[in-house]
Amino acid sequence: MPEQAGRPPSGVGGRRLAAGVALAATLVLGPALPAAAEQAAADPAAPSTRCQLTDPRLPELSGLVAVGDQMLAINDGGDRIDVYLLDAGCQVVTVQGADVDPYDPEDLAVGPDGTVWVADTGDNQGDRTTVALLALRPDGGTGLYRLAYPDGPRDVEALLLAPDGVPYLVSKEVLGASKVYRPVADLLDGGTVGLVEVAAVNLTVTGTPGGPVGRAGQLMVTGGAVAADGSRLALRTYTDAYVWALAGADVVGALAGEPTRIALPEAPQGEAVSFTADSTGLVVASEGLPSDVTVVPLPAAAIAAASSGPADGSLTDLFSADDGLPVVPAALIAAGVAAVLVWLGGKVRRRS
């Protein structure tokens, strides 16, 4: 039987938004951001559609990472972890995965060593005793790392993976007051490590249209990303993106600063967000098919605010699949180094 990643005994994989969330659409304001961030950034270059996703295997796109002109993507739900490699036209090149039965996978990130991390952290009903991070390594290995919150279950759809490899989870809150957690110790493969709250992100209604739950969707964090060059990080809601300058691996310090808000193109249920490979824009997409994958250039203010220091991290070796699939190079961007695709080689399996 596939191992279950933090699933309660009566849980069902891939749960959607709780019906009661729609009531939050009547909210007027949540806790406010600093005044300067209340205005959307000055209009940069217009967003452009990179491609349109139509593959029936990805009806609920939840996590996305742009690597070069290709992308890694995950679906929200299913009975196993599958990571899809998409080409520049949004066509699936190959799929790699692990025999882990996920509860609710929500986000995706690539670590400094080329490891692909899947955040199985969704919890719409608030009944999970643990959540999980699944690591798919370049050498074909895998790891399952369970995490426990200090203050009870949280619904989390955003993973921020710092340049030093430390994961941060950002909760999805209907009132806009998101909590940020990180592990209290090194992750333990097959075991559970506690989380500690280290920061907060307070959002307010913006008036940007989109999302499935009205104005409440303007307050709910649905995805996160860290730029490959380590210069900035982003969180998105159903309607807007917030970009902070990042120095080194100080995610907490970054989130204490003032973000640049960017109104995103209207989408029915936008959850996926990544930085472009050159870190000068965002790549966003929504659940549902067909789904436009859109590039949103960063405004000058967000680029100017970012740290110019190099990111921590190293490049991984190249490797290839063992089942007749095309050879795909795997590497991670370091500051000043051109983007090289990160991907998984070989079949990844983990059984209990």
Side-chain angles (χ1 to χ4, degrees), residues 1-22 53-65 71-86 90 92 94-109 116-136 142 144-147 153-159 169-172 211-213 217 220-224 236-238 267-274 284-291 293 344 348-350 352:
M1 294 288 293
E3 183 160 354
Q4 295 181 331
R7 180 191 298 273
S10 61
V12 178
R15 291 181 177 174
R16 306 309 314 133
L17 289 172
V21 170
L53 184 63
T54 60
D55 195 294
R57 291 171 292 181
L58 284 165
E60 296 182 281
L61 180 67
S62 183
L64 188 71
V65 178
M71 295 170 286
L72 302 180
I74 58 166
N75 209 42
D76 185 350
D79 58 5
R80 59 174 275 121
I81 293 290
D82 283 317
V83 179
Y84 295 78
L85 173 64
L86 309 179
C90 281
V92 174
T94 188
V95 184
Q96 299 289 347
D99 281 336
V100 175
D101 185 4
Y103 181 74
D104 191 358
E106 291 289 356
D107 211 354
L108 189 66
V116 177
W117 290 88
V118 177
D120 183 10
T121 55
D123 191 12
N124 295 322
Q125 303 299 325
D127 57 6
R128 297 182 69 173
T129 56
T130 64
V131 294
L133 296 177
L134 178 72
L136 305 176
T142 186
L144 182 63
Y145 305 89
R146 294 184 177 88
L147 301 165
R154 293 283 170 180
D155 188 22
V156 167
E157 297 188 4
L159 169 65
L169 303 182
V170 184
S171 67
K172 179 183 183 182
V213 290
M220 301 162 72
V221 174
T222 62
R236 72 160 296 167
T237 65
Y238 286 120
Q269 191 164 331
E271 297 186 8
V273 62
S274 171
V284 297
S286 174
E287 290 194 5
L289 294 175
S291 176
V293 176
L344 299 175
V348 180
R349 292 288 187 265
R350 180 187 178 88
S352 55

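Counting from 1, the numbers follow the sequence of the chain as shown.
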For the atom pair [atom1] ([X]) and [atom2] ([Y]), what is the distance rounded to the nearest 0.5 Å?
X    : Y    : atom1 : atom2 : value
I81  : T142 : CD1   : OG1   : 9.0 Å
D76  : L58  : CG    : CG    : 11.0 Å
L108 : M71  : CG    : CE    : 12.0 Å

Taking R154 for the side chain and T121 for the main chain, is one N or O donor matched with an acceptor at less than 3.5 Å?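 Here the side-chain-to-backbone pair does not exist.
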Just by distance, do the side chain of S291 and the backbone of S286 share a donor-acceptor pair under 3.5 Å?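 Confirmed, S291 side chain pairs with S286 backbone.
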So, applying side chain to side chain contact (heavy atoms under 4.5 Å, CB included) with L147, which one of T130, L169, D120 is it?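 Filter result, single survivor: L169.
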Under the side chain to side chain contact (heavy atoms under 4.5 Å, CB included) test, which residues partner [X], sequence neighbours left out?
X    : answer
A272 : L61, L64, A285
P56  : none
T222 : E157, K172, R236, Y238, E271

Does the side-chain contact (heavy atoms from CB on, under 4.5 Å) test come out yes or no for Y103 and D123, once each step is laid out? CA-CA 8 Å; Y103 181 74; D123 191 12; 3.9 Å; yes
If you measure from the Lys or Arg side-chain nitrogens to the Asp or Glu carboxylate oxygens, is any gap between R80 and D99 under 4.0 Å?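 Yes, R80 and D99 are salt-bridged.
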Tell me every residue that passes side chain to side chain donor-acceptor pair (under 3.5 Å) with T237, counting only those two or more places apart in sequence or in another chain.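 Partners of T237 under the side chain to side chain donor-acceptor pair (under 3.5 Å) test: T239.
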Please name all residues satisfying side chain to side chain donor-acceptor pair (under 3.5 Å) with N75, sequence neighbours left out, ordered by chain then number.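 Checked N75 against side chain to side chain donor-acceptor pair (under 3.5 Å); zero matches.
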Restricting to non-hydrogen atoms, name the atom on T54 and the atom on P290 that form the minimum distance, rounded to 0.1 Å.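 Shortest heavy-atom separation between T54 and P290 comes out as CG2-CB, 4.0 Å.
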Minimum heavy-atom distance between A98 and L134, given as atom pair plus value: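 Smallest heavy-atom distance, with atoms named: CB-CD2, 4.0 Å.
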As a quick check of understanding, evaluate side-chain contact (heavy atoms from CB on, under 4.5 Å) for L85 and L72, giving each step before the final call. CA-CA 5 Å; L85 173 64; L72 302 180; 3.8 Å; yes
Could you go through the side-chain contact (heavy atoms from CB on, under 4.5 Å) check for V213 and M220 one step at a time? CA-CA 10 Å; V213 290; M220 301 162 72; 3.9 Å; yes
Please assess L136 against Q96 for the test side-chain contact (heavy atoms from CB on, under 4.5 Å), listing each intermediate value before the final yes or no. CA-CA 9 Å; L136 305 176; Q96 299 289 347; 6.0 Å; no
